[in-house]
Amino acid sequence: MDDDFFLVRFWGVRGSIAVSGPEFARYGGNTICIEMRCGKHTLLFDAGSGLRPAGRALQASDVTDFDLLFTHCHYDHIIGLPAFAPIFDPSVKFTLWSGHLAGRMTTRQMIDEFIRPPWFPVKMDVCKAKLDCRDFVSGDVLRPREGVVVRTGSLTHPGGCIGYRVEWGGRVVAVITDTEHEPDKLDQSVLGLIEDADLVIYDCTYTEKEMERRRGNGHSTWQQGVKLCEAAGARGLALFHHDPTRTDEQLDEMEKLAKDRFAGAFAARDGQTLKFPVSLHKKR
Ligand SMILES: [Zn+2]
Ligand SMILES: [Zn+2]
């Protein structure tokens, strides 16, 4: 029974812009989208181009009520929303959450601004699904569904970004993308979100060498992900938000290096699914 698992599925693992071609075939080219299933509850994180196949899968499994949480609204995290089939389905209802623009723009405004001419042929009012847009402030604890606790915190990224810690059934999965680390420093906000986590999905856009000349872009490295996971007692590390130039071969190599340093590390791939057995009696 899938109800006994905390399921994580990667629908888009590529950062910045979608890519295609034989050199990206194994890890995939869709931009950021993660699905989590906590028993009968479905949560999606970000709406990059990976949201499109996620939407088809939701329709195929008759999921018509779910949550979509945004880390932030850079294109690679929202571009899939107008291509998300459930948004046009009147039998679907879902809740959209964002907190990175708190005090500047609501979640509803963020969506309305993005899906409208001249950037898109039509306005949001063609979307027939019932949308419930919610706003929160970094640090808030969200309870989107019964038994599911989502803690939030700020990440270091131009324009702001939210990291999430999802707790259900005694398991913890954290989404930490996009974020930039300071040299020789561990981000306290990130450490709080990933403490004792079963899985940390972490922004590993750059290598340490690339990082030197990409300061200010708001991204991090797998080496920093390992340091954070070790300090926080986290067990799994998904290398994520792959640079659009990173080929399958390079990701294989990066994964190997990361695994040698931290046994729970792996490079996330489009379509990859992880299942964590849960204990529904255990609270955390
Ligand atoms: Zn991004
Ligand atoms: Zn970004």
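As the structure is a prediction and not an experimental result, all values here were calculated from the model. Both ligands and their constituent atoms are indexed starting at 1 by order of listing.
Remark: the backbone N or O of Tyr206 is not paired with any side-chain donor or acceptor of Thr221 at under 3.5 angstrom.
The Zn ion (ligand 2) has an N, O or S atom of His157 under 2.8 Å away, backbone or side chain.
For the Zn ion (ligand 1), protein N/O/S neighbours under 2.8 Å (waters excluded) are Asp76 OD2, His77 NE2, Asp178 OD2, His241 NE2.
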Practice problem: Run the numbers on Tyr202 and Ser220 for side chain to side chain donor-acceptor pair (under 3.5 Å), then give the verdict. | Solution: CA-CA 8 Å; Tyr202 190 75; Ser220 191; 2.8 Å; yes
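Close placement of the His157 and His219 rings is indicated, their centers lying within 6.0 Å of each other.
No cation-pi contact links Arg171 to Phe276, judged by a cut-off of 6.0 Å to the six-membered ring centre and 45° from its axis.
Ion pairing between a basic and an acidic side chain is recognised when a charged N comes within 4.0 Å of a carboxylate O; Asp260 and Lys256 show such pairing.
Screening Glu253, Glu23, Glu210 against Arg246 for a salt bridge (charged side-chain N to carboxylate O under 4.0 Å, His left out) leaves a single residue, Glu210.
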